[in-house]
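A, B, ... follow the sequence lines: proteins, then strands. Residue 1 opens every chain.
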Amino acid sequence: MPKNLVIVESPAKAKTIGKYLGKDFQVESSYGHIRDLIAKDMGIDIENNYAPKYAVPKEKKEVVNKLKKLTKDAETVWLASDEDREGEAIAWHLAEALNLNPGTTNRIVFHEITKPAIEKAIQNPRRIDQNLVNAQQARRVLDRLVGFELSPILWKKVQRGLSAGRVQSVAVRLIVEREKEIRNFKAVSFFRVVGEFTNSDGKSIKAELSSRFETEEEAKKFLEGCKGHSFHINSIETKPAKKSPAAPFTTSTLQQEASRKLYFSVAQTMSVAQKLYESGHITYMRTDSVNLSDLALNTARKEIHDQYGEKFAQTRKYSTKSKGAQEAHEAIRPTFMDKHSAGTDANQKKLYDLIWKRTIASQMSDAELERTVLRISTPQKELEFVARGEVIKFEGFLKVYLEGTDDDESDEQEGMLPASEKGEHLNASELSATQRFTKHPPRFTEASLVKKLEELGIGRPSTYAPTISTIQKRNYVEKSDLEGEKRNYVQYVLTGSQVKQNKLSETTGADKGKLIPTDIGMVVNDFLVEHFKDIMDYHFTANVEEQFDEIARGREQWDRMIDSFYKDFHPHLKDVEENSDRAKGERLLGQDPKSGKPVYARIGRYGPMIQIGEADDEEKPEFASLMKGQHINDITLEEALELFKLPRKLGEFEDLPVSANVGRFGPYVRHGNNFVSMKPKEGDDPMSITLERAIELIKAKQQADKEKFIARFDEEKPVIEVLNGRYGPYIKSGRKNYKIPKDKEPATLTREECLEIMNATPEPKKRKPRKK
DNA sequence: CAGTGAGCGAGCTTCCGCTTGACTT
């Protein structure tokens, strides 16, 4: 039995460290936090200085019991969780749960998983830093208070099941405000003039006019004026320039770059990275540090030296730019720099390649460039055509890697300019003035939202991906699928001595996969911003973080900090609860031409809807749900009235009525009491679907059911069906499904055997409410 | 889920941050 027990947070880390420490040490993992505030009620004794009520959650009991046993057998326990606020709290919770004395238990930390770093840590144990633990308790308690008091207000004032929190609500706010900016944006057109010139050698030079014209007339007039003009070069300016590599990856920059270059979602990036980490190919993937260990710096240098030559190597140390960074880990890098490829599938290989290149490039020399600006005369003295050229003199890090950009339009491809002289005459082969339009700010992608959150210091590497998934799960935000519209524009072209007008058209406004707010998201956000300005402020987190830092330094008491927040927050919240109106996002669309009653779009108990008539009328109002893609803010009266044509009767099939309608989960065809979802992707739409198409869908569903069907027992209640699912045979009864054990033959099951299997199946995991 | 949209009321929902598997019909 080893004398020493070392506890870290991650099992993959435990394995590596175990190898470095040898047989006197047993290294185990806590799998993250092992205790948390109790899940029911607030979990905080507010009357008693906000004393937190901690418990070991059910799913953590096993780990804690195992660690308890090992603790008893060990002579010395080393708490080796990460060196940050959360890590310190994990160490403290471990000490509490394992009955260790916090005053004497060894606490060790390291920022990198290398043998010298770990040996050094073992030689320098310290005690648990209670101030740091208290800073974490303040963070935890604040988040619980905000989340568990704010959310119920939304249940009451908007819709059940909604949520609000310090991080998610601000993330939604960013998206809502961007969308409002876009809606209020008015595109302004201008004219961009581009010239294509040739010199006496026949080499071509592309240049753009130094300023743009606001009107069609000015643009046309300028081109007319260029007829017969003799163009010559006014000036040539050549300057050396440098480009430096980007810092190694953090979680946030990895997510951004994998999104730009590999089109991964942030969740996908994390799950692929997790696999690379578990198989030992990369360092830890949830980090805010750009730091590389000395070992990494040395091996990177050697690798660059061997692959590209000494000239390409330049050891660099990066420091973090983000304010809230806690830097408990290294940057994300390959574990072994000389391993050029790793991973078991295409995605792992691609992501590893990205990480390898980024890390290596970060240790390479600057690229040296030569930038040339060439100016060409025009008939108007104050205007010049400008051509830009860029030549790479020394590739440096560009040999390996260049960071992507978020600009979707970097159409300025700068290449080499032909050798030219000042005063040289140029022929204009074509001059064009094209109408362009100012662009609204871009919608957020998952990755650009992460970038923004990080800049604001909101959220942590471990929560970026879950936050994005939460705000979509709550239906505050969805991925856009905007078609775009046709837009006409004009272009004037001067060739020879003629100015010709072209009428052209383009698609504008198409946007796919970007984050856009739903009606619920908008209404909830407006409600929270109106009533809870402080918490919705973009700097709220940064402000409380400063106070957490004060607690960590021992200059502030954590319960006093919480109290100074709560004593304002809570009464204000009670006031809003009692005195604010229900948030409905109501909008009057106009009058119903048939009845003359008002038509409203608003959020109802079950989501966005249209209401005809007032609630307190003698005659009850009529209601209809909005369809997917329709929004309270932009639905027209005509579109709203269309919704009341549903359900549409289509006819009969097999003696049963067939109709089309929209339900909670989208459009469907109803056949008697059977329901078949429509396929909007294949062009199905409840307003226009024909009986023929509906029958086609019904037949397909019947066929699919037949293929799934194995047996049915309906002579007695409950009705039991044996079906073949995607994951093998299962029993369906009522709304529940039961897996059939492998040793049973599904085709020969009797009703009794089915009941046996059903009874033997444990209830699906659901927290049972327990009365006091 | 296949409708509903008022109010009643039991029972329920909810936060952020640290970690992985278990599970899916």
All N/O contacts under 3.5 Å from nucleotides 17-19 of chain B to the protein, with atom names and distances to one decimal?
residue : atom : partner   : partner atom : Å
dG17(B) : OP1  : Arg166(A) : NH2          : 2.8
dG17(B) : OP2  : Thr463(A) : OG1          : 3.0
dG17(B) : O4'  : Arg139(A) : NH2          : 3.2
dC18(B) : OP2  : Ser462(A) : OG           : 2.7
dC18(B) : O5'  : Ser462(A) : OG           : 3.4
dC18(B) : O3'  : Glu9(A)   : OE1          : 3.3
dC18(B) : O2   : His33(A)  : N            : 2.5
dT19(B) : OP1  : Tyr284(A) : OH           : 2.3
dT19(B) : OP2  : Tyr284(A) : OH           : 2.7
dT19(B) : OP2  : Arg286(A) : NE           : 2.8
dT19(B) : O5'  : Tyr284(A) : OH           : 3.3
dT19(B) : O4'  : Gly32(A)  : N            : 3.4

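- Residue-nucleotide stacking is not present for Phe623(A) and dG5(B), judged by a side-chain ring centre under 5.5 Å from the six-membered base ring centre and planes under 30° apart.
- Here Ser163(A) lies in heavy-atom contact (under 4.0 Å) with sugar-phosphate atoms only.
- The aromatic rings of Tyr54(A) and His93(A) sit perpendicular to each other, their planes meeting at more than 60°, with 30° as the lower class boundary.
- At the heavy-atom level, Gly607(A) lies under 4.0 Å from base atoms of the strands shown.
- Residues satisfying the side chain to side chain donor-acceptor pair (under 3.5 Å) test with Asp568(A), not counting sequence neighbours, are none.
- You cannot call Phe675(A) stacked on the base of dC1(B); the centres under 5.5 Å and planes under 30° rule is not satisfied.
- No contact: Arg582(A) has no heavy atom under 4.0 Å from any strand.
- Atom NZ in Lys157(A) sits about 18 Å away from atom C1' in dG5(B), given to the nearest Å.
- Taking the C1' atom of each, dG9(B) and dT13(B) are spaced 16 Å apart, rounded to whole Å.
- Screening Phe548(A), Phe569(A), Tyr566(A), Trp558(A) against Leu142(A) for a side-chain contact (heavy atoms from CB on, under 4.5 Å) leaves a single residue, Phe548(A).
- Remark: the separation of the P atoms in dC16(B) and dC12(B) is 23 Å, to the nearest Å.
- Among the heavy atoms of the strands lying under 4.0 Å from Leu162(A) are primed sugar atoms or P, OP1, OP2 only; no base atom is included.
- If you measure from atom CE of Met609(A) to atom P of dG5(B), you get 9 Å, rounded to the nearest angstrom.
- Between Glu586(A) and Arg602(A), the shortest heavy-atom contact is OE2-CD, 3.4 Å.
- Going from atom CH2 of Trp155(A) over to atom P of dG11(B) covers 15 Å, rounded to whole Å.
- Looking at heavy-atom distances under 4.0 Å, Ser30(A) makes no contact with the nucleic acid at all.
- Residues that satisfy the side-chain contact (heavy atoms from CB on, under 4.5 Å) test with Ser625(A), not counting sequence neighbours, are absent from this structure.
- Taking atom CZ of Phe540(A) as the reference point, atom C1' of dC16(B) lies 13 Å away to the nearest angstrom.
- Residue-level contact check: Ala164(A) touches the backbone only, with heavy atoms under 4.0 Å from sugar-phosphate atoms and none from bases.
- How far CG of Leu276(A) is from CE of Met285(A): 10.0 Å, rounded to the nearest 0.5 Å.
- When rounded to the nearest whole Å, the span between NZ of Lys156(A) and P of dG11(B) equals 19 Å.
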Pair assignment for DNA chain B - dot-bracket with | for other-strand partners, Watson-Crick or G-U under 3.5 Å:
.........................
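- Considering only residues two or more places apart in sequence or on other chains, Ser81(A) meets the side chain to side chain donor-acceptor pair (under 3.5 Å) condition with Arg107(A).
- At whole-Å resolution of the value, CG in Leu573(A) and P in dC15(B) are 16 Å apart.
- Across all their heavy atoms, Val64(A) and Ala97(A) have their closest contact at CG1-CB, 4.4 Å.
- In this structure, the nucleotide among dT14(B), dA2(B), dT4(B) sitting nearest to the side chain of Ser625(A) is dT4(B).
- Remark: Arg587(A) fails to qualify as a cation-pi partner of Tyr600(A) under the 6.0 Å distance and 45° angle criteria applied to the six-membered ring.
- Between Phe527(A) and Phe532(A), the ring planes are tilted. Angles from 30° to 60° get that label.
- When rounded to the nearest whole Å, the span between OH of Tyr54(A) and P of dC15(B) equals 18 Å.
- For the OP1/OP2 pair of dT14(B) and a distance below 4.0 Å, the side-chain nitrogens and oxygens of Arg160(A) include no atom meeting the criterion.
- If you check every strand for non-hydrogen atoms under 4.0 Å, Gln168(A) touches sugar and phosphate atoms only.
- Every residue was checked against the side chain to side chain donor-acceptor pair (under 3.5 Å) condition with Ser580(A), not counting sequence neighbours, and none meets it.
- Distance Tyr464(A) OH to dC16(B) P: 14 Å, rounded to the nearest Å.
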